[in-house]
Participant: 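Take this structure, written in structure tokens, and hold onto it; I'll ask about it next.
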Amino acid sequence: MVSNQASSAETVPVNKARKTAKQKAEAITAFEMTLLLQAIKFRYNYDFSNYSLGSLTRQINNCLNKYKLKNISELIPKILHEKGFFTLFLREMSVTVTEMFRDPEVFNTLRDTVLSDLKKHAHINIWHAGCATGEEVYSLAIMLKEEGLLSRCQIYATDFNNHSIDIAEQGIYKAEKIKGFTENYQLANGKASFADYYQAKHSYAKMSDSLKEHITFAHHDLIKDSCFAKMHLIVCRNVLIYFNKNLQNHVLSLFQQSLHQGGYLLLGDKESLEFTDQKDNFLVVAKAQRIYQRNS
Ligand SMILES: C[S@@+](CC[C@H](N)C(=O)[O-])C[C@H]1O[C@@H](n2cnc3c(N)ncnc32)[C@H](O)[C@@H]1O
């Protein structure tokens, strides 16, 4: 029973009690998160433990809302026991935001620095890691074609989300997106007409087969899979931002091992080699556009 006497002094313990309740709730969520990540690793061998906590929490909250679940504890049995649910969960966990010629000035600089240098090679290997639904890899293929390089290129486009890879391989995009893609292509100083590279069908646009011929789409998890070929260029934009420092270092080391000496690395505009273990293994080619070159 609360006594009248204690009215002014009462506020402190009540606040304290509230704080403790909030802290308890946070501790429970952190515990549930640990269990969830263990369940995913145990059942499907996907390891999210080194993803940045902020993005992990956001994606999991989106998933709870979408499937009308009260808390992470309700998610765990679905992951462990419900057939097909993990595929849907993975779609929620993988942020697939992308577009053709995203950040057009990056493609401009890439053409003037990297592609002009790659011309000296008879055969060129390129890896797009975390290619999502493929828009970025088709953009590069277009640019390589315009520079007369595509016929010498083998491009590997990989992601850990099989659903995205399927869409990327089909290369079919909603017609309503084409206007924005065309504007980006022009800003990137595309040399022809963007319409040369797709066939419009009803409300869709299908990327031309001449681009696809040089691209191999495949599943690859940057956390657990290793290098598979020596590359002249690796494009991995807007993927490392979802990882913590340890995982960034692990993935950058994989890229360093996968690159030929003098090979290039292109990262996203919020990503950098500064403050990473790989800083001294690369030269900065274009700081603002995040283009690096593996040094000797
Ligand atoms: C925001 S998209 C980036 C798309 C494109 N690179 C761009 O910048 O427009 C991030 C992609 O990283 C992929 N990804 C996240 N973790 C990955 C991992 N461990 N291995 C491979 N791909 C991963 C996601 O599935 C998603 O398709």
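Whatever order the structure lists them in is the order used to number ligands and atoms, beginning at 1.
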Participant: For atom 23 (C) of ligand 1, which of Tyr51, Phe160, Phe48 has the closest heavy atom?
Facilitator: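 Going through Tyr51, Phe160, Phe48 one by one, Phe160 has the nearest heavy atom to atom 23 (C) of ligand 1.
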
Participant: Can you tell me the protein heavy atom closest to atom 9 (O) of ligand 1 and the distance?
Facilitator: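 The closest one turns out to be Thr98 OG1, 2.5 Å.
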
Participant: Judging by distance only, is a nitrogen or oxygen of Tyr242 under 3.5 angstrom from one on ligand 1?
Facilitator: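 Between Tyr242 and ligand 1 (N or O atoms, distance only) the closest approach is not under 3.5 Å.
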
Participant: Return yes if some donor-acceptor pair links the side-chain N/O of His128 with the main-chain N/O of Val235 below 3.5 Å, else return no.
Facilitator: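 Not confirmed, His128 side chain does not pair with Val235 backbone.
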
Participant: Between Tyr138 (side chain) and Lys212 (backbone), is there a donor-acceptor pair under 3.5 Å?
Facilitator: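 No; zero donor-acceptor contacts below 3.5 Å.
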
Participant: Check for me whether His220 has a heavy atom closer than 4.0 Å to any atom of ligand 1.
Facilitator: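 For ligand 1, residue contact (heavy atoms, under 4.0 Å) with His220 is present.
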
Participant: Looking only at atom types and distance, does a side-chain atom of Asn125 sit under 3.5 Å from a main-chain N or O of Lys230, one as donor and one as acceptor?
Facilitator: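 Answer holds: yes.
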
Participant: Against heavy atoms of Val97, which atoms of ligand 1 measure under 4.0 Å?
Facilitator: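 That gives atoms 1 (C), 2 (S), 4 (C), 9 (O) of ligand 1.
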
Participant: Return the closest protein heavy atom for atom 12 (O) of ligand 1 as residue, atom name and distance.
Facilitator: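 Residue, atom and distance for the closest contact: Val239 CG2, 3.5 Å.
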
Participant: For atom 8 (O) of ligand 1, which protein heavy atom lies nearest, and how many Å away is it?
Facilitator: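 So the nearest neighbour among protein heavy atoms is Asn238 ND2, 2.7 Å.
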
Participant: Between Lys177 and Glu99, is there a salt bridge with N-O shorter than 4.0 Å?
Facilitator: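 Judged by the 4.0 Å cut-off on N to carboxylate O distance, Glu99 and Lys177 do not form a salt bridge.
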
Participant: Give the residue, atom name and distance (to 0.1 Å) of the protein heavy atom nearest atom 4 (C) of ligand 1.
Facilitator: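 The closest one turns out to be Gly130 O, 3.5 Å.
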
Participant: Taking Arg290 for its side chain and Leu266 for its backbone only, find out whether a donor-acceptor pair lies under 3.5 Å.
Facilitator: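 No, the answer is negative, given that no donor and acceptor are paired below the 3.5 Å cut-off.
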
Participant: Any ring pair (Phe, Tyr, Trp, His ring centres under 6.0 Å) pairs touching residues 257-293, not counting sequence neighbours?
Facilitator: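 For residues 257-293, and leaving out neighbouring residues, the ring pair (Phe, Tyr, Trp, His ring centres under 6.0 Å) pairs sorted by first residue read His232-His260.
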
Participant: Would you say Ala129 has any N or O atom under 3.5 Å from an N or O of ligand 1, going by distance alone?
Facilitator: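 It does not: no N or O of Ala129 is found under 3.5 Å from an N or O of ligand 1.
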
Participant: Can you report which non-hydrogen protein atom sits closest to atom 10 (C) of ligand 1, along with the distance?
Facilitator: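 Looking only at protein heavy atoms, the one closest to atom 10 (C) of ligand 1 is Val95 O, 3.2 Å.
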
Participant: Give every residue pair that meets the side-chain hydrogen bond (donor to acceptor under 3.5 Å, both in side chains) criterion with at least one member in residues 150-162, sequence neighbours excluded.
Facilitator: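 side-chain hydrogen bond (donor to acceptor under 3.5 Å, both in side chains) check on residues 150-162 returns Ser94-Asn161, Trp127-Thr158, Gln154-Thr216, Asn161-Ser164, Asn162-His219.
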
Participant: Among all the protein's non-hydrogen atoms, which is closest to atom 7 (C) of ligand 1, and how far away is it?
Facilitator: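 Of the protein heavy atoms, Arg102 NH1, 3.1 Å lies nearest.
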
Participant: Below the 3.5 angstrom mark, is there an N/O of Thr96, backbone or side chain, next to an N/O of ligand 1?
Facilitator: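 Between Thr96 and ligand 1 (N or O atoms, distance only) the closest approach is not under 3.5 Å.
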
Participant: I'd like to know whether ligand 1 has Tyr46 as a neighbour, heavy-atom separation below 4.0 Å.
Facilitator: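 Tyr46 does not count as a contact of ligand 1 under the 4.0 Å cut-off.
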
Participant: Among protein heavy atoms, which lies nearest atom 20 (N) of ligand 1, and at what distance?
Facilitator: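 Here the nearest protein heavy atom works out to Leu222 N, 3.0 Å.
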
Participant: Describe, in one word, how the ring planes of Phe85 and Tyr67 are oriented to each other, choosing from parallel (under 30°), tilted (30 to 60°) and perpendicular (over 60°).
Facilitator: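 Taking Tyr67 first and then Phe85, their aromatic rings stand perpendicular (interplane angle over 60°).
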
Participant: Can you sort out which atoms of ligand 1 are near Ile223, meaning under 4.0 Å from one of its heavy atoms?
Facilitator: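 What qualifies from ligand 1 is 19 (N).
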
Participant: Looking only at distance, does Asp159 have an N or O less than 3.5 Å from an N or O of ligand 1?
Facilitator: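 Yes - when backbone and side-chain N and O of Asp159 are compared with those of ligand 1, one distance drops under 3.5 Å.
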
Participant: Does Ser94 reach ligand 1 with a nitrogen or oxygen that is under 3.5 Å from one of the ligand's nitrogen or oxygen atoms?
Facilitator: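 So ligand 1 has an N or O lying under 3.5 Å from an N or O of Ser94.
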
Participant: Hey, are Glu147 and Lys191 close enough for a salt bridge, meaning a charged N less than 4.0 Å from a carboxylate O?
Facilitator: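 Judged by the 4.0 Å cut-off on N to carboxylate O distance, Glu147 and Lys191 do form a salt bridge.
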
Participant: So is Cys131 polar-close to ligand 1, meaning N/O to N/O under 3.5 Å?
Facilitator: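 N/O-N/O distance below 3.5 Å does not exist for this pair.
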
Participant: Give a yes or no on whether the ring-centroid distance for Tyr173 and Tyr198 is below 6.0 angstrom.
Facilitator: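 Tyr173 vs Tyr198: aromatic centres not under 6.0 Å.
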
Participant: Quick one: which ligand 1 atoms are inside 4.0 Å of a heavy atom on Ala132?
Facilitator: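 Selected atoms, number and element: 4 (C), 27 (O).
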
Participant: Considering only heavy atoms from C-beta outward, does the side chain of Asn246 approach that of Gln248 to under 4.5 Å?
Facilitator: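 When only atoms from C-beta onward are counted, Gln248 and Asn246 do not touch, as no gap falls below 4.5 Å.
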
Participant: So is there a nitrogen or oxygen of Arg237 less than 3.5 Å from a nitrogen or oxygen in ligand 1?
Facilitator: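 There is such a contact, yes.
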
Participant: Quick one: which of Lys120, His121, Lys119 gives a side-chain hydrogen bond (donor to acceptor under 3.5 Å, both in side chains) with Asp117?
Facilitator: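 That would be Lys120.
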
